[in-house]
Number of protein chains: 2
Amino acid sequence: MTPTFAHGSLRLYLLSLLAERPRHGYELIQALSERFGGTYSPSAGTIYPRLAKLEEEGLVTKTAGERKTVYEITDAGRAELAARADDLRDIESEVTDSVRRLADEVRTGVTEAMKSLRADLASAARHAAPDMSKPHQDTRPHGDSNRSLREADMVLNEFRQQLRADLRTQAYRAQLPDATVPELRRQLDEVRASILASLRP
Amino acid sequence: MTPTFAHGSLRLYLLSLLAERPRHGYELIQALSERFGGTYSPSAGTIYPRLAKLEEEGLVTKTAGERKTVYEITDAGRAELAARADDLRDIESEVTDSVRRLADEVRTGVTEAMKSLRADLASAARHAAPDMSKPHQDTRPHGDSNRSLREADMVLNEFRQQLRADLRTQAYRAQLPDATVPELRRQLDEVRASILASLRP
DNA sequence: TCACTGAACGCGATATATCGCGAAGGAGAA
DNA sequence: TTCTCCTTCGCGATATATCGCGTTCAGTGA
């Protein structure tokens with residue numbers, strides 16, 4: 001798997017986050033996840049070794065509390081940050097670029113999904129109910145299960161259409177990684193297992 | 001969310017796992033996940049407080065190592081296990097039942113998906129290629145992107161068909177929980193974000 | 001100059017522990 | 001008996017830290 005951060009980039013980015021204000025490890029994980037719009041969440045195994053290294057280098061200080069360990073940037077750390085301001089600028093623009101690209105694709109996908117959803121609804125209306133002004137009274141007492149099923153169908157369709165569009169957009173620009181399809185399969189298997197598990201009586 | 005284990009069931013089940021052999025916390029998490037066929041993975045926040053409580057009650061002993069903390073059942077623990085053997089039997093049969101039900105649904109889903117997949121393929125063959133014996137030589141050099149896209153489409157369709165079938169099966173037996181559709185939406189959003197993120201250049 | 005190599009790096013998996021919320025259960029009052 | 005309050009419980013979120021795999025990079029020796 002291609003790492004999100006190139007060699008040494010995370011180190012610098014963490015330093016820049018600590019330059020804003022002192023933070024503890026978990027806070028840094030959340031800050032990073034936030035800046036990536038939730039699409040990248042560095043694991044603890046990424047953050048804590050890097051923080052330990054930065055402390056070893058004297059660029060941050062560690063103040064261990066009862067439950068939280070606060071990391072603070074030192075003057076040496078600020079000097080390092082100033083010396084490599086150009087690198088940091090590159091990293092930051094890469095981050096914002098990737099987030100913007102993602103946002104673009106999401107927006108496109110949503111628009112297309114809206115179109116297909118409207119088309120679906122129109123089609124359903126044509127097939128099912130000649131007159132929508134008077135809601136159809138169902139005689140069988142089966143609660144709202146049908147509504148849930150219809151909603152689930154819509155969600156599934158929406159997702160399928162969106163991801164199809166996403167993948168086609170991506171494939172137009174560059175070759176799809178070999179890992180994408182197996183990964184997609186794996187994740188969908190998980191979702192299915194999870195939903196099924198939540199239905200267990 | 002309905003808990004997987006009822007009040008006090010996890011406590012007894014942990015004790016029964018420790019009766020087999022001493023284990024450390026993470027090992028118990030993995031053991032539980034394994035017995036549930038991967039559909040339920042108790043979080044650390046579930047296991048460790050329970051183990052601490054069991055130790056407090058004197059039913060297990062804790063031996064802290066450098067990186068692992070081994071828990072061992074005591075005689076009092078074995079006595080408790082013997083005293084509540086009936087409860088344990090109930091819990092165990094519930095677990096195996098739920099796993100079997102899940103396996104049934106998965107099997108059914110897979111069968112149905114295979115059917116629809118074969119139908120899709122047959123349909124595609126009818127529409128696209130009158131002669132499949134000689135593979136079609138594409139003149140444009142676009143690598144295998146089309147293959148990946150087709151595979152992704154299949155995976156998506158398969159998933160959609162399976163889950164539709166699952167939900168209909170469930171809705172036939174009982175009302176779908178209100179949380180199912182929002183939860184499905186949430187999980188699919190996550191999958192999409194994750195796949196998109198993996199495509200980021 | 002370039003191939004080799006060991007150190008550094010990113011990161012998921014492993015490992016432990018607490019906090020706080022919402023639900024379930026039990027004890028005691030009304 | 002039933003209602004109420006307090007405790008316990010399951011569990012996701014919060015919090016920290018190490019290990020090992022695969023990759024990258026910088027130094028060095030041919």
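Chain identifiers are assigned alphabetically (A, B, ...) following the order of the sequence lines, protein sequences preceding nucleic acid strands; residue numbering begins at 1 within each chain.
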By side chain to side chain contact (heavy atoms under 4.5 Å, CB included), B:Thr69 pairs with (sequence neighbours left out) B:Lys62, B:Ala64, B:Tyr71

Within residues 41-61 of chain B, the residues having a heavy atom closer than 4.0 Å to DNA chain C are B:Ala44, B:Gly45, B:Tyr48, B:Pro49

To the nearest angstrom, the CG-P distance between A:Leu14 and C:dA8 comes to 18 Å

A:Glu183-A:Gln187 side chain donor-acceptor pair, cut-off 3.5 Å:
yes

- Query: Base, sugar-phosphate, or nothing for B:Tyr71, non-hydrogen atoms under 4.0 angstrom?
  - Reply: sugar-phosphate

The side chain to side chain contact (heavy atoms under 4.5 Å, CB included) partners of A:Asp97 (sequence neighbours excluded) come to A:Arg100, A:Arg101

Applied to residues 81-91 of chain A, the side-chain hydrogen bond (donor to acceptor under 3.5 Å, both in side chains) test, sequence neighbours excluded, yields A:Arg84-A:Asp87

If only atom types and distance count, is the side chain of B:Ser33 paired as donor or acceptor with the main-chain N or O of B:Gln30 below 3.5 Å? no

Note: for B:Ala6 and A:Ala64 on DNA chain D, the residue whose nearest nucleotide lies more 5' is B:Ala6

What is the nucleic acid contact for B:Ser9, judged by heavy atoms within less than 4.0 Å: base, sugar-phosphate only, or nothing? sugar-phosphate

Query raised in the report: Under 4.0 Å between a Lys/Arg side-chain N and an Asp/Glu carboxylate O for B:Glu190 and B:Arg185?
Result: no

5'-most contact on DNA chain C (nearest-nucleotide basis), B:His7 vs B:Ile29, goes to B:Ile29

Any side-chain heavy-atom pair of B:Ile73 and B:Leu59 under 4.5 Å: no

For this session: Could you tell me whether A:Glu57 and A:Lys53 make a salt bridge, using a distance below 4.0 angstrom between a side-chain N and a carboxylate O?
Result: no

Sorted by position of nearest nucleotide on DNA chain D, 5' first, the leading residue of B:Gly8 and A:Glu27 is B:Gly8

Is there any protein nitrogen or oxygen under 3.5 Å from a nitrogen or oxygen in nucleotides 3-5 of chain C, and what are the pairs?
none

Q. So what does B:Phe5 hit on the nucleic acid, given a heavy-atom distance under 4.0 Å: a base, only sugar-phosphate, or nothing?
A. sugar-phosphate

Can you say whether the rings of B:Phe159 and A:Phe159 are parallel (under 30°), tilted (30 to 60°) or perpendicular (over 60°)? perpendicular

Chain B reaches DNA chain D, atoms under 4.0 Å from its heavy atoms, from D:dT8 to D:dC19

Could you tell me whether A:Arg35 and A:Glu20 make a salt bridge, using a distance below 4.0 angstrom between a side-chain N and a carboxylate O? yes

ask   = Are B:Glu72 and B:Thr63 linked by a side-chain donor-acceptor pair shorter than 3.5 Å?
value = no

